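One structure is given here, and the rest of the page talks about it.
Since the structure is predicted, the reported quantities are computational estimates derived from the model, not experimental observations. All chains are named by letter (A, B, ...) in the order of the sequence lines, taking the proteins before the strands, and each is independently numbered beginning at 1.
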Number of protein chains: 2
Amino acid sequence: MAQEAGVSPATVSRCLNTPAAVRSDKRQRVEDAVRKLGYVPHGAARALASKRSRMIGAIFPAVDNALFGCALEVFQQELAHEGYTVVVAASGYDADLEARHVRNLLQNGIDALLLVGTARSPDIYRLIAARQIPYVAVWRSDQTSEHPCIGFDNIAAAEHLTDYLVDLGHRRFVMFSGQLDGNDRAQDRVEGVRRSLDRHGIPLPANAILERPFGVDEGREMFRLVMTENPAPTAIICGSEPFAYGAVFEAAERNIAVPDQVSIAGFDDLWLASQLSPALTTVRTPQREIGQEAAKYLLARLKGDRIAPPRPLETHLIIRKSTAPPPAAL
Amino acid sequence: MAQEAGVSPATVSRCLNTPAAVRSDKRQRVEDAVRKLGYVPHGAARALASKRSRMIGAIFPAVDNALFGCALEVFQQELAHEGYTVVVAASGYDADLEARHVRNLLQNGIDALLLVGTARSPDIYRLIAARQIPYVAVWRSDQTSEHPCIGFDNIAAAEHLTDYLVDLGHRRFVMFSGQLDGNDRAQDRVEGVRRSLDRHGIPLPANAILERPFGVDEGREMFRLVMTENPAPTAIICGSEPFAYGAVFEAAERNIAVPDQVSIAGFDDLWLASQLSPALTTVRTPQREIGQEAAKYLLARLKGDRIAPPRPLETHLIIRKSTAPPPAAL
DNA sequence: ATTATTTTTGAAAGCGCTTTCAAAATTAGA
DNA sequence: TCTAATTTTGAAAGCGCTTTCAAAAATAAT
């Protein structure tokens with residue numbers, strides 16, 4: 001290659017990596033030779049010599065649903081465009097498995113890492129710090145955290161949704177939450193609901209918060225459970241949309257009128273929320289933007305910029321037909 | 001590292017890569033030193049020296065839905081377990097973008113490649129062949145194809161589903177299909193429907209096959225269109241489940257009784273099929289098995305085994321409440 | 001025109017591991 | 001026990017590129 005261009009290998013390398021450091025006559029000769037020979041740099045050789053792999057790791061709780069899959073697609077596209085390769089792993093909400101993936105990716109020499117949420121063992125963060133690579137925790141926004149976060153304020157979003165239901169007149173709430181242990185996003189959503197209800201002087205007993213693994217059938221089960229209570233709740237806040245789907249499906253099967261008898265609210269505004277009948281009131285979360293901002297942040301960090309993560313991304317309360325004022329005269 | 005173990009670097013390398021070629025006393029010393037030093041091989045150095053990257057590329061049309069996401073998760077887990085890294089890209093059903101991803105991955109020196117379907121430019125296959133790496137086309141099974149396929153017989157599955165509807169008494173069919181151009185799986189499903197109806201002497205005019213990009217709203221639109229026909233069809237076969245979701249949702253909104261007035265059948269048995277009301281009759285396709293078999297096949301090929309892809313995986317007709325005999329006395 | 005400064009370039013070293021080949025060690029057979 | 005065959009091991013080379021440093025070339029200042 002260098003021979004064909006009539007320059008040294010060092011000049012070829014400079015033309016490809018720092019073109020401004022090469023005079024244009026030589027640069028032209030190199031470009032011609034690249035074209036003529038169809039030259040493609042050998043990734044491993046570059047990684048070895050430069051001590052940078054140009055690979056970025058991304059560990060999601062799951063990739064088989066639209067929530068994380070959407071962010072992953074955007075993330076991958078942005079980084080591919082800048083010559084980076086994204087290596088994906090799924091943890092299944094299992095902290096041990098996630099830790100294993102982190103170790104494995106670090107061993108593979110990734111240049112940067114995307115993680116979901118901040119709740120994890122300090123050992124993991126120490127491992128990452130020892131490698132001195134940039135990382136970012138997404139789906140959460142916590143300006144007090146020592147970890148760079150890109151996401152939205154789960155507390156405020158849940159609070160806002162709850163305020164809306166309170167303003168509709170609801171006073172009897174339950175919340176369907178994902179497992180709280182190790183899932184800071186789920187914890188934040190519960191916290192947001194608590195804050196709103198506290199602010200309004202509305203009690204939320206501990207047994208009004210039900211905790212299950214994410215899933216539609218779990219939503220169905222919780223719905224059956226709470227609707228047997230007397231008095232039954234008039235508003236159900238779901239910390240994740242599969243729960244809301246399950247609740248809506250179960251209500252239909254049991255001829256329980258939504259929202260006439262009970263309002264149901266979701267969280268995330270995935271594609272099915274607007275298709276259900278009644279269409280779900282929910283919080284729209286910025287999935288694409290998360291993928292995009294995470295890519296931009298890591299790219300900047302990899303360039304050596306000392307930037308802070310962006311301000312929290314916006315969520316929007318999306319009001320649809322699944323919520324209405326509570327039944328009168330109970 | 002080799003110094004710590006008191007052996008040569010070549011012996012360390014052999015202990016890690018071909019342990020049978022090392023006597024146990026030396027092997028023990030190397031294992032001790034690895035443990036003591038926390039030694040981890042440098043991936044790029046291994047790739048450069050061995051001319052194998054231990055990376056495997058996987059290009060899916062999309063990864064933000066359960067269909068491909070499920071297979072991806074299984075695929076990644078199997079390969080990670082054998083020390084391989086999976087690099088994922090999404091093509092958005094765009095042939096040019098897919099070609100770009102293929103080139104990029106080949107340039108990155110992947111050891112093997114997973115693709116979806118076989119319909120693509122011969123240039124792409126030539127590029128892959130030039131690199132002399134194993135590849136596999138999934139989601140299709142075609143024993144006559146020159147390309148190794150792992151999947152199921154889309155034709156037979158669609159035929160079987162159609163037979164079932166014919167046996168119920170249906171004679172007026174429409175099919176909602178994804179874009180046929182460049183999507184061999186979609187073509188096969190149309191072909192299967194045609195074969196069944198031909199075999200039963202039932203006409204399927206060209207305008208009874210509607211072609212749209214995949215999506216729920218597209219399913220809604222097609223449903224509205226065909227249900228204004230007089231006589232309207234009594235059975236709708238959807239080549240992909242989002243169409244079926246859309247049809248069911250639209251039927252509910254228009255007070256069209258499913259399956260009393262029109263039966264709706266899906267394809268793939270994704271998680272929502274069983275949750276809808278009425279629950280969808282559909283074809284269960286082996287998503288997990290595809291990911292698993294693809295991983296096993298590529299691993300064997302990378303080991304140098306000359307194996308054929310597995311026999312076609314099984315599909316199952318899943319009969320639920322969305323289908324019934326056609327309305328009597330029309 | 002000469003000198004000082006800056007920019008460009010090539011030679012050399014080396015990133016961390018694998019492979020090859022020949023020597024050393026071990027095992028098997030007579 | 002000796003010889004032949006096989007296995008194990010280490011030294012050396014090198015995978016393809018990047019980085020460093022010193023020399024060469026170009027530019028700026030006097």
So B:Tyr93 and B:Phe214, would you call those rings parallel, tilted or perpendicular, with 30° and 60° as cut-offs? tilted

Apply side chain to side chain contact (heavy atoms under 4.5 Å, CB included) to B:Val7 and list each qualifying residue two or more places apart in sequence or on a separate chain. B:Ala5, B:Thr11, B:Val12, B:Lys26, B:Arg29, B:Val30

Any carboxylate oxygen within less than 4.0 angstrom of a Lys/Arg side-chain nitrogen, looking at B:Asp188 and B:Arg185? no

Pair B:Asp305 + B:Lys303: basic N to acidic O under 4.0 Å: no

DNA chain D: B:Gly6 or B:Lys51, which has the more 5' nearest nucleotide? B:Gly6

Under a 4.0 Å heavy-atom cutoff, the residues of residues 7-24 of chain B touching DNA chain C are B:Pro9, B:Ala10, B:Ser13, B:Arg14, B:Asn17, B:Arg23

Please list, chain by chain and in numerical order, all residues satisfying side chain to side chain contact (heavy atoms under 4.5 Å, CB included) with A:Arg288, sequence neighbours excluded. A:Cys70, A:Val74

Salt bridge (Lys or Arg N to Asp or Glu O under 4.0 Å) between B:Glu78 and B:Lys296, worked out: CA-CA 8 Å; B:Glu78 293 284 323; B:Lys296 282 165 60 183; over 6 Å; no

Range on DNA chain D touched by chain B, heavy atoms, distance below 4.0 Å: D:dT8 to D:dG16

Mind checking side chain to side chain contact (heavy atoms under 4.5 Å, CB included) for B:Ala129 and listing every partner two or more places apart, or none if nothing turns up? none

Pairwise side chain to side chain donor-acceptor pair (under 3.5 Å) hits with a residue in residues 15-25 of chain B, at least two apart: B:Ser13-B:Asn17, B:Asn17-B:Arg46

